[in-house]
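Encoded as structure tokens, the structure appears first; notes follow it.
Numbered from 1 within each chain, the chains take letters A, B, ... in sequence-line order.
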Amino acid sequence: MAKPTTDSWTQLTEYDADKLLEPEFIELLPPKLQAKYTPQPPNLWERTIDTLSYQDFHRTILYKRLLYTIIILASVACLTLIIGVSLAWLVTSRTFPGQKFLAFSLALPIAIPTYVAATSYKLMTAEFQLAMSIQVRKDFGAETMQSLNHGWNLALAILVLTITFYPYVFLAARSSFLSLSKDYLETSQSLGKSHFFIFRKITLPLARPAIIGGLMLVCLETLNEYGAMKIIGIETLMTEIFRIRSGTNDLNTVLRISGCILSIVFILLVIELLLRGRKKFHPSRSATLSDAAPKASNKATFMIYIATLPAIILGFILPCSELLRQAFHGLKRADISDFNGPIGASASLAAQASLLTLMLGIFLAFAQRIVSKSGALSNSMMKLISKASSLGYAIPGAVLGVALITWVGSLLQSSHTNSLIETIFYSSSYGLIIAYSIRFLSIGINAAESGFANIPIRLDEASAQLGKSSFTTFIRIHLPLLKPSLLAGALILFLDVLKELPLTLIIQPFNTETLALQTFTLFSSQEEYALGSIPALILIFTGVIGMIAVRKILNQKPHRS
Amino acid sequence: MKKLAILLFSLFTGILPAEETLNIYSQRHYDADKKVFAMFTEKTGIKVNVVKGNADELVERIKSEGEKSPADILLTKDAARLYWADSQGLFQPVKSEKLAKQVPSHLRDQDNKWFGITQRARVIAYSKERVKPSELNSYDDLAKPEWEGRVVVRSSSNIYNQSLLASIIANKGEKEALVWAIKVRNNMARAPQGSDRDQIRAIASGLADVALVNTYYLGVLANSEDPKDQLAASKVALAFPEQGEEQNGTHVNVSGAGVLKHAKNIENAVKFLEFMTSSEVQHTYPGLTYEYPLTLKSDNKLHQSWGEFKPDTLNLKSLGEHNTKAVKLFQAAKWE
């Protein structure tokens, strides 16, 4: 910024500096601002630009972005919590025909990447939005139209994020409900408590750690969302970071906004710790809720279907049908064999990365369980380590990617690590798999932790008294009991890696073609929606197959030898 | 059996039998590029490896890889990005008579560090029903009061808008550019949002009458299989501004590439640039991406239907030099 030249300048307060504008720009300002900015003789062009952009930026723009971010975060968190938990309760608390299929269908939207859902909804609603805007402008004027447009985009963003993210809460809540002990419920029922009372006073508190964990993932994903916001036309803190970084490269402002985002993440983490901290119950003992749930009457079954249908339609059927319509046009000129490579690459990357991440997650959660029996200091140290390892999820993928590639670059330059790094990051996809694991470790830890939380520590003690080592206890006792939570975690990991974009864009080795990359390429760079819908649909389909596979494994009754 | 052994060996060690290769970091993610690269491999026997990414991140990657970077070529969608990569010292100068002949001097770096490959013009799209092309002779026309509430343009975070404003800064000065940006922003029918395609749709629907768009987007829309797209494209025509004798010509930009400082396959890289700017490839791109060739002499039907135009021959380096200022001016103009 140019320094003031005369003495009087140095005495100006920041507020006075605000008033400095060249006369020709005063005319262009809205009337109410014209009075505020009176012309002052020492004409400084730089100051005019700075007054108009920079100072104003910090007062209003940053505030606006923060406001939008918080509105979206709060709405998406509330909606996914309500929708996820109530859907999970609806399909778990009673048995009815087609129950498992319905529960499966309700998780389907998780297979759709947010940027694909956003594109699909944008394509579906674009014409209606235009027609509505024109009508509103005719009847109520341009300003009403502007605010309506903003509101519409905001609502669309909240809708898209809610429908693609609620399965995180739904899956966590359902797996937790399923593993609830029958005893609690039977005791309450025998005490004559109502169904809703049991839900409110027993089921919900017991499932709380898992639900909060799922909700936390939703919050972090929402905060880091870039693609969908860009497509729908909403400016948040995250989009502002990208705009400034590629525009002015003004590192100060980028850091300031990143600080804003990180403080929100920090607040969220503290809230999570507070809400999750008091785990007193050790539920899973004998029979579980899935065996205990009463049968639903025909009328109730019908009501359950009616109540859950909107979620499936909005979350899966509508976006997929628009993609199908587009792909129908695209298939006229696309060569379907072009997509064989990407399918294999995507599936194998996702499978390998989920396995690695899950193993790391189990290791950390298990270590924490063992350490928790020893002193308080090492216990809190371990907690810190596991919290720190899950930070990858809180950092935007693109930021993490740039940090990683800088690190890889420096290792590449050193003669000791050069050939190793070259093999991992350049001649193979292992580097990408490691990167995914860092990014998604939080999900792995989460799955393992919530699984361990349901295993009473008494079991470990009993096993130890029988002279079994921790490792044997883990293999013989923990692992079988962990299976449902681990599989649920594996599923989320598989889908998340399949959909992942920003990291892949930065760390990919040569000639990598994943389905997500292809979809993004066609949607975003070329605006070829008809062609892009083909890999998008294949991506969703691959995800659904992964979901079916996990469901098959889960449904297998454990063999006794 | 031997082949299998070699394959297995290379799978485990990542070492492939020696062959001529070229490693490209590309910001262009077009399917068309894949076809053109295959043409190059067929002609020269040089295998092309590609990493696709965003320009900013690719530049970060090349910088952090330093001397060990495997990349030979950086390919971007915009001249400002090439200038930026050059200002970070990533390119090396290339001596090639072919390139000097095939790339017009305003479409390449003066020190021969980067070269344009395909051209696009940023023009004014207008409603055939409600606008006469004679009303649109200059970008300045969009700033006139009669267009109040009739203009739509995408966000200023878009590099094509930034480069257009950078060219106005270079041609007319910063003040003119800021006045223009403020006035155009005030004339907008809605807050900037969506892609160039969305702007064309907004005109077709009647929300607005004019928009700033890149030429090839109308090509993509007009050749879409979706009848909705075709209908939208049929209602919109393009005006090439600044065509008068006193005027500078329509703003153009390039996709382009340069040979990286630490390239290992320099010869192949130069061959690649010569190939990309050769008349064979230049005749191929218009039909695939609706981009203009470097000469602007396209035999594509759509291009011919738009007629010939005079391009702004401002050296594209200016787009990079004024990019930061352009972003600042957009911010000052409250152009989101």
Contact leader toward chain A among [options], where contacts are heavy-atom pairs under 4.5 Å:
options: B/Asp196, B/Asp198, B/Thr289, B/Ile182; value: B/Ile182
options: B/Ser224, B/Ser205, B/Ser69; value: B/Ser205
options: B/Leu329, B/Asn158, B/Leu178, B/Asn54; value: B/Leu178
options: B/Arg190, B/Glu60, B/Lys77; value: B/Arg190

Do NZ/NE/NH1/NH2 and the carboxylate oxygens of [X] and [Y] come within less than 4.0 Å?
X: A/Glu240; Y: A/Arg65; answer: yes
X: B/Lys172; Y: B/Asp140; answer: yes
X: B/Lys34; Y: A/Glu513; answer: yes

Measure [X] against the heavy atoms of chain A and call it side chain, backbone, both or neither at under 4.5 Å.
X: B/Ser156; value: side chain
X: B/Leu207; value: both
X: B/Ala189; value: both
X: B/Ile159; value: neither
X: B/Tyr216; value: neither
X: B/Asn186; value: side chain
X: B/Asp229; value: neither
X: B/Phe330; value: neither
X: B/Val220; value: side chain
X: B/Glu65; value: both

Which atoms of [X] approach chain B - backbone, side chain, both or neither, heavy atom under 4.5 Å:
X: A/Gln508; result: both
X: A/Glu127; result: side chain
X: A/Ile507; result: backbone
X: A/Ser428; result: neither
X: A/Asn149; result: side chain
X: A/Phe520; result: side chain

Donor-acceptor side-chain pairing of B/Tyr160 and B/Arg120 below 3.5 angstrom =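 Note: B/Tyr160 and B/Arg120 side chains meet the donor-acceptor criterion.
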
inquiry  = Ignoring hydrogens and geometry beyond distance, is a side-chain donor-acceptor pair present between A/Asn153 and A/Gln129 at under 3.5 Å?
reply    = yes

request  = Measure across B/Leu319 and B/Ser163 and return the closest heavy-atom pair with its distance rounded to 0.1 Å.
outcome  = CD2-O, 3.4 Å

query = In terms of the angle between their ring planes, are A/Phe425 and A/Trp407 parallel, tilted or perpendicular, with boundaries placed at 30° and 60°?
reply =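 It falls in the perpendicular class, over 60°.
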
request  = Output the distance between atom CG (A/Leu130) and atom CD1 (B/Ile203), rounded to the nearest 0.5 Å.
outcome  =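 Output value for this atom pair is 11.0 Å.
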
task = Could you point out which residue of B/Arg81, B/Gln162, B/Lys328 forms a side-chain hydrogen bond (donor to acceptor under 3.5 Å, both in side chains) with B/Asn323?
result = B/Gln162

ask   = Which residues pass the salt bridge (charged side-chain N to carboxylate O under 4.0 Å, His left out) test with B/Arg28, sequence neighbours left out?
value = B/Asp33, B/Glu291

task = Using salt bridge (charged side-chain N to carboxylate O under 4.0 Å, His left out) as the criterion, list what pairs up with B/Lys35, not counting sequence neighbours.
result = none

task = Kindly check if the number of other-residue, nucleotide or ligand heavy atoms within 6.0 Å of NZ (B/Lys68) is above 12?
result =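 Above 12, so yes.
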
